[in-house]
Amino acid sequence: RAKADGRGTYRFFETGMDARAQARRLLEMDLRAALQRNEFQPYYQPIREVASDRVVAFEALMRWNHPQRGLISPINFIPLSEETGLIIQLGELMLRGACADAATWPDNIGVAVNLSPVQFKNPNLIASVTEALEKSGLAARRLELEITESVLLQNSEATLTTLHELRAMGVRISLDDFGTGYSSLSYLRSFPFDKIKIDRSFVSELATRDDSVAIIRAVTGLGRSLGIVTTAEGVETDAQLELLRREGCTQAQGYLFSQPRPACDVAMMLDRPRLRVSA
Ligand code: C2E
Ligand code: MG
Ligand code: MG
Ligand code: MG
């Protein structure tokens, strides 16, 4: 049991709080301090058009550059940021940063930013997107917002209204990780998505499972019929890319082309078709 230092700094080590709760508490304090210290930055991973083999956009992926622990993946801190509400600040940082970076890229290159369901419940979302676009001067059509099905599960009228408002601004909306959640086809009817991102679990099993091929075929077909772009996530091999090409998948993203890298590497990623070395 840690002793209090008289100023209450170690109060959270009091007995009765289990190890898990302590770890969470520490992580939360660390996250708050990291926000103050500006330790978060977007990394960028290219998204390529399969037919032309050209980069058309970059997905912004949040990284925590921790002074001791090094680069930390969002899967390790997004859940707690969502529970504590810190995701609102983090999300705004990402939006502003990604729009500012993208404004310096060629005009035909877009940027995709992931949004948490928690951000959707925040009444300021439209204002933050508007501000990020205005401050950066980025054209709205170059911004894509990626949401997962869980946003639609909230299924409130408010969610749909927000999505329609964003789209009316000219921003494009993508449905991320398609195929992992409830994947109800009614989502595709309830809102006119611009893009479906096929989850990487289907792509990684393409070589070994015929049913994954069938699923890719079905989703790309659905996209074609509905006029929705399809993007395959997690493309790691040439064999996967060839299969996606054959099935008419519109875009591909994955380590085959590049891992996510810092903004200073974007020019290089635009110049060189493949950058498989680790970031
Ligand atoms: P996501 O949006 O589905 O992003 C794709 C994830 O797959 C990224 O993980 C990316 O680094 C990884 N990836 C890309 N290509 C490959 C590949 O070829 N093979 C494998 N094995 N993985 C690949 P990352 O960066 O760790 O992000 C994980 C998730 O965290 C994201 O999944 C997204 O849901 C969330 N996330 C990331 N940045 C943000 C953010 O700014 N805001 C919010 N709300 N969520 C974010
Ligand atoms: Mg995403
Ligand atoms: Mg995804
Ligand atoms: Mg994912």
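Computed from heavy atoms alone, side chains included, the values below leave out hydrogens, waters and symmetry copies. Note that the numbering runs from 1 along the sequence shown for the chain.
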Colleague: Using 30° and 60° as the class boundaries, would you call the ring planes of Phe77 and Trp64 parallel, tilted or perpendicular?
Modeller: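 Because their plane-to-plane angle is over 60°, the rings of Phe77 and Trp64 count as perpendicular.
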Colleague: Salt bridge (Lys or Arg N to Asp or Glu O under 4.0 Å) with Glu39: which residues, sequence neighbours excluded?
Modeller: Arg37
Colleague: Checking Arg24 against Glu28 for the salt bridge (Lys or Arg N to Asp or Glu O under 4.0 Å) test, could you report, in this order, the C-alpha distance in whole Å, the side-chain angles of both residues, the deciding distance, and whether it holds?
Modeller: CA-CA 6 Å; Arg24 284 165 47 90; Glu28 184 183 345; over 6 Å; no
Colleague: Among all residues two or more places apart in sequence or in another chain, which pass the ring-ring contact (aromatic ring centres under 6.0 Å, His included) test with Phe120?
Modeller: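 Scan of Phe120 (ring-ring contact (aromatic ring centres under 6.0 Å, His included), adjacent residues dropped) gives none.
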Colleague: For residues 214-226, tabulate all N or O donor-acceptor pairs below 3.5 Å that involve a side-chain atom, not counting sequence neighbours.
Modeller:
{"unit_1": "Arg217", "atom_1": "NE", "unit_2": "Glu247", "atom_2": "OE1", "d": "2.9"}
{"unit_1": "Arg217", "atom_1": "NE", "unit_2": "Glu247", "atom_2": "OE2", "d": "3.2"}
{"unit_1": "Arg217", "atom_1": "NH2", "unit_2": "Glu247", "atom_2": "OE2", "d": "2.8"}
{"unit_1": "Thr220", "atom_1": "OG1", "unit_2": "Ile216", "atom_2": "O", "d": "2.9"}
{"unit_1": "Thr220", "atom_1": "OG1", "unit_2": "Arg217", "atom_2": "O", "d": "3.1"}
{"unit_1": "Thr220", "atom_1": "OG1", "unit_2": "Glu247", "atom_2": "O", "d": "3.2"}
{"unit_1": "Arg224", "atom_1": "NH1", "unit_2": "Glu247", "atom_2": "O", "d": "3.2"}
{"unit_1": "Ser225", "atom_1": "OG", "unit_2": "Gly221", "atom_2": "O", "d": "2.7"}

Colleague: Looking at residues at least two apart in the chain, or sitting in another chain, which of them share a side-chain contact (heavy atoms from CB on, under 4.5 Å) with Thr104?
Modeller: none
Colleague: Of Val229, Leu188, Asp177, which is the lone residue that meets side chain to side chain contact (heavy atoms under 4.5 Å, CB included) with Ile196?
Modeller: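 Testing each of Val229, Leu188, Asp177 against Ile196, the sole residue satisfying side chain to side chain contact (heavy atoms under 4.5 Å, CB included) is Leu188.
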Colleague: What pairs of residues pass the ring pair (Phe, Tyr, Trp, His ring centres under 6.0 Å) test when at least one of them lies in residues 86-107, not counting sequence neighbours?
Modeller: Tyr44-Trp105, Phe58-Trp105
Colleague: Applying side-chain hydrogen bond (donor to acceptor under 3.5 Å, both in side chains), can you list everything that pairs with Arg54, at least two apart in sequence or on another chain?
Modeller: none
Colleague: When you measure from the side chain of Asp18 to the backbone of Ala21, do you find a donor-acceptor pair of N or O atoms at a distance under 3.5 Å?
Modeller: yes
Colleague: Could you pull out all residues at least two apart from Gln89 that satisfy side-chain hydrogen bond (donor to acceptor under 3.5 Å, both in side chains)?
Modeller: none
Colleague: Could I get the full list of side-chain hydrogen bond (donor to acceptor under 3.5 Å, both in side chains) partners for Lys135, not counting sequence neighbours?
Modeller: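 side-chain hydrogen bond (donor to acceptor under 3.5 Å, both in side chains) list for Lys135, sorted by chain: Glu131.
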Colleague: Checking Arg167 now: which residues fulfil salt bridge (Lys or Arg N to Asp or Glu O under 4.0 Å) with it, not counting sequence neighbours?
Modeller: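 Checked Arg167 against salt bridge (Lys or Arg N to Asp or Glu O under 4.0 Å); matches are Asp194.
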Colleague: For Phe257 and Tyr255, I'd like to know if the aromatic rings sit close, meaning centre-to-centre distance below 6.0 Å.
Modeller: no
Colleague: Report the C-alpha distance between Ser174 and Glu146 in whole Å, list the side-chain angles of each, state the deciding distance to 0.1 Å, and finish with yes or no for side-chain hydrogen bond (donor to acceptor under 3.5 Å, both in side chains).
Modeller: CA-CA 5 Å; Ser174 308; Glu146 299 192 358; 5.0 Å; no
Colleague: Is the shortest heavy-atom distance from the side chain of Leu175 to the side chain of Thr148 under 4.5 Å?
Modeller: no
Colleague: For Phe202, what residues pass the ring-ring contact (aromatic ring centres under 6.0 Å, His included) criterion, not counting sequence neighbours?
Modeller: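 With neighbours one apart ignored, the set is empty.
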Colleague: Got Val171 and Leu133 here, is their nearest side-chain heavy-atom distance under 4.5 Å?
Modeller: yes
Colleague: For Asp30, give me all partners under side-chain hydrogen bond (donor to acceptor under 3.5 Å, both in side chains), at least two apart in sequence or on another chain.
Modeller: His66
Colleague: Mind checking the CG-CD1 spacing from Leu93 to Ile88? Nearest 0.5 Å is all I need.
Modeller: 12.0 Å
Colleague: Can you pull out every salt bridge (Lys or Arg N to Asp or Glu O under 4.0 Å) where at least one residue sits in residues 104-126? Sequence neighbours excluded, please.
Modeller: Asp107-Arg141, Asp107-Arg142
